[in-house]
Undergrad: 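Structure incoming, see below.
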Amino acid sequence: MRVRFAPSPTGYLHIGGLRTALYNFLLARKHGGTFVLRVEDTDRTRFVEDAEADILSSLTWAGIQFDEGPGLNGGYGPYRQSERSTRYAEVANHLIEHEKAYIAFDSSEEIDALKERLRTPENPSPRYDHETRLSMSNSLTMSSEDVARKVAAGEEYVVRLLVTPGSQIKFTDVIRGEVEFDSATVDDQVLVKSDGLPTYHLANIVDDHDMAITHVIRGEEWLPSTPKHVLLYQAMGWDVPQMAHLPLILSPTGGKLSKRNADKQGIPVSVSQYREAGYEAHALVNFLAMLGWNPGDDREVFSMEELIEAFSLERVGQSGVQFDLQKLEWFNEHWLRSRSDSDIADELETSIQDTFSDVSREHLVEAVALMKDRLSFASDLLEAEYLFRRPSSYDEKSVAKRWKDDSPVVLAAFADSLESVDEWTLDKLEEALQTFVEIHEMGMGKIMFPIRLALSGQPSGPGLYEMMALFGKDETIARFRACNDALA
RNA sequence: GCCGCGUUCGUCUAGGGGUUAGGACGCCGCCCUUUCACGGCGGUAACACGGGUUCAAAUCCCGUACGCGGUACCA
């Protein structure tokens, strides 16, 4: 089995592209096949300089490694279509010679004019096809001498697929079953553009064949052009690979998940945006895997290894799926919690030191331990400033509501009593507070809030004893006094 | 318009002739915790519609509606 992911470097890797890559990768790994990365850079007008680098680094970040691709030749290279031009020309010529394709000289203005002329409310987008080609300038309507002369004169031309009406083009989609198109509804697709470069349709089938691809797994947007591809395979006498068209990922409201659309809804579309926003790679992969596929049982949390084990094309769904950021966030929290404290500390080390100087390693690891269950993203820890420095302010609403007249006295008294705690441990601290409330015959509720406020400035957070243990005796007592001073 | 693909809780989905239509996210409640979370338990909520086939249809067939995709010298 050989599969491929074939992105076009016209933009950064899209979330849908990552899922397509993932499914290809999973299938290859599951069956001991080969996963090829091919860069389809035939559109010079939309080429984006750093897109390929982004695609490569995004895949690496997600844990998807290719076996063959740019910089990793497996005997089928090169893996950039811009480096394979002669092969496409060869195939195009073969098609022309065998009357499966033809040369057309029509300028884009002439084609626009044709469409303008034929456009009606019932037919808003006329095609260049078996009917209209008869009235255009191409090697079917011109003498071969005229064609040869124009070509020799260096006139621009394109190569078009010659589609003959009257047949049914059938193929089996692994996900959708039998799919059938009437050849009369297929247009004469341009195969070679006037700049001499192939279109996707030509380059794609040539490469899939030459690279011995056995399974073409791609987005559903390609389903309508598949009959053209089938025709090309047949014209060349090549076997058609197994086809699998994945359901599209839709926006949360059901429309297309375009950049524009998604931005409006606050949904990142490129993988690098997720990476920058601090999403766990595992979470994104896990979420994407479940978007259109399921294992057939109730499991939802999967590591990459488990996905490889469980994945199959047969369990991929057929209908479009809406993107749900909340579910992604749930996966993110889950995977974040599965990481070790020290691993998360490693990730945050630099930004923590930049924001709060002189945070010891032990302190950071302990802070992570205290907060891990309360974070959505690892970087959210930076927002819990009180874990790393004394509060500079106290949450106003909470103060207004729960800071009572006797709070300063209670807090000061407790601070005094803490002076005599010799062993600064969770147990001793709990004991100290218990004893304190008993001696003063007060309810625990009376003192817990002032302590929390003094320690963190916030109405919620980690346990009191945990925080006191983390801050140490001197700092804890200092925070009590500072709070009293500030709220006096 | 035409061509194609779809349609089970708000969302992701299981189920493919006989099910109290199951799970997850979200939301709500309870428990745990004198905080907030995590966790546990429970609740809310769905077979697009109309015809057929059948003893029996969410499940098979047809139609309609709706959604999505395509209709480029973009991929």
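Everything numeric in this text was worked out from a predicted model, so none of it was measured. So that the names make sense, note that chain A is the first sequence line, chain B the second, and so on, each numbered from 1.
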Undergrad: Suppose we define a pair by two distances each less than 3.5 Å, Watson-Crick or G-U wobble; what does B:A65 pair with here?
TA: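 Per the H-bond distance test, B:U7.
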
Undergrad: Heavy atoms only, 4.0 Å cut-off, all strands: where does A:Glu180 land among base, sugar-phosphate and nothing?
TA: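 Counting heavy atoms under 4.0 Å across all strands, the contact made by A:Glu180 is with sugar-phosphate only.
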
Undergrad: Sequence neighbours excluded, which residues qualify as ring pair (Phe, Tyr, Trp, His ring centres under 6.0 Å) partners of A:Phe388?
TA: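 Testing A:Phe388 for ring pair (Phe, Tyr, Trp, His ring centres under 6.0 Å), a comparison that skips the adjacent residues, returns A:Phe356, A:His363.
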
Undergrad: Between protein and nucleotides 7-17 of chain B, map the contacts as a letter string: B base, S sugar-phosphate only, - none, heavy atoms under 4.0 Å, written 5' to 3'.
TA: S---SSSSS--

Undergrad: In terms of the nearest nucleotide of RNA chain B, which residue is placed more toward the 5' end: A:Asp182 or A:Gly177?
TA: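 Looking at RNA chain B, the more 5' nearest nucleotide goes with A:Asp182.
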
Undergrad: At under 4.0 Å between heavy atoms, which parts of nucleotides 69-75 of chain B does protein reach? Answer with one letter per nucleotide, 5' to 3': B base, S sugar-phosphate only, - none.
TA: BSBSBBB

Undergrad: Output every pair passing side chain to side chain donor-acceptor pair (under 3.5 Å) with a member in residues 310-326 of chain A, not counting sequence neighbours, ordered by first then second residue.
TA: A:Asn294-A:Arg315

Undergrad: Polar-atom pairs under 3.5 Å, protein N or O versus N or O of nucleotides 60-62 of chain B: list them with distances, or write none.
TA:
none

Undergrad: Could A:Arg479 and A:Phe471 be counted as a cation-pi pair, given that NZ or CZ must be under 6.0 Å from the ring centre and within 45° of the axis?
TA: yes

Undergrad: Applying ring pair (Phe, Tyr, Trp, His ring centres under 6.0 Å), can you list everything that pairs with A:His440, at least two apart in sequence or on another chain?
TA: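 By the ring pair (Phe, Tyr, Trp, His ring centres under 6.0 Å) rule, A:His440 matches A:Phe436.
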
Undergrad: Among residues at least two apart in sequence or on other chains, which ones pass ring pair (Phe, Tyr, Trp, His ring centres under 6.0 Å) with A:Phe311?
TA: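 Checked A:Phe311 against ring pair (Phe, Tyr, Trp, His ring centres under 6.0 Å); matches are A:Tyr23, A:Trp293.
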
Undergrad: In chain order, what residues pass the side-chain contact (heavy atoms from CB on, under 4.5 Å) check against A:Ser108, with sequence neighbours excluded?
TA: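 If we apply the side-chain contact (heavy atoms from CB on, under 4.5 Å) test to A:Ser108, skipping adjacent residues, there are no hits.
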
Undergrad: One character per nucleotide, please: for nucleotides 32-39 of chain B, 5' to 3', B when the base has a protein heavy atom closer than 4.0 Å, S when only the sugar-phosphate does, - otherwise.
TA: --BBBSS-

Undergrad: For a salt bridge (charged side-chain N to carboxylate O under 4.0 Å, His left out) with A:Glu220, tell me which candidate from A:Arg176, A:Arg19, A:Lys256 qualifies.
TA: A:Arg176

Undergrad: Considering residues at least two apart in sequence or located in another chain, which fulfil the ring pair (Phe, Tyr, Trp, His ring centres under 6.0 Å) criterion with A:Trp222?
TA: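 Expected list: A:Tyr200.
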
Undergrad: Could you pull out all donor-acceptor pairs under 3.5 Å where a side-chain atom in residues 154-166 of chain A meets a protein atom, sequence neighbours excluded?
TA:
unit_1: A:Glu155; atom_1: OE1; unit_2: A:Lys150; atom_2: NZ; d: 3.0
unit_1: A:Glu155; atom_1: OE2; unit_2: A:Lys150; atom_2: NZ; d: 3.3
unit_1: A:Arg160; atom_1: NH1; unit_2: A:Asp188; atom_2: O; d: 2.8

Undergrad: Regarding A:Ser340 and A:Asp343, do their side chains bring together a donor and an acceptor under 3.5 Å, going by distance alone?
TA: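 Result is no, nothing qualifies.
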
Undergrad: Both distances below 3.5 Å, Watson-Crick or wobble geometry, any strand: find the nucleotide opposite B:C27.
TA: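 Looking at the geometry, B:C27 pairs with B:G43.
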
Undergrad: Please output the side-chain donor-acceptor pairs of residues 455-465 of chain A that fall under 3.5 Å, not counting sequence neighbours, one pair per line with the distance.
TA:
unit_1: A:Ser456; atom_1: OG; unit_2: A:Arg452; atom_2: O; d: 2.9
unit_1: A:Ser456; atom_1: OG; unit_2: A:Gln458; atom_2: N; d: 3.0
unit_1: A:Ser456; atom_1: OG; unit_2: A:Gln458; atom_2: O; d: 3.2

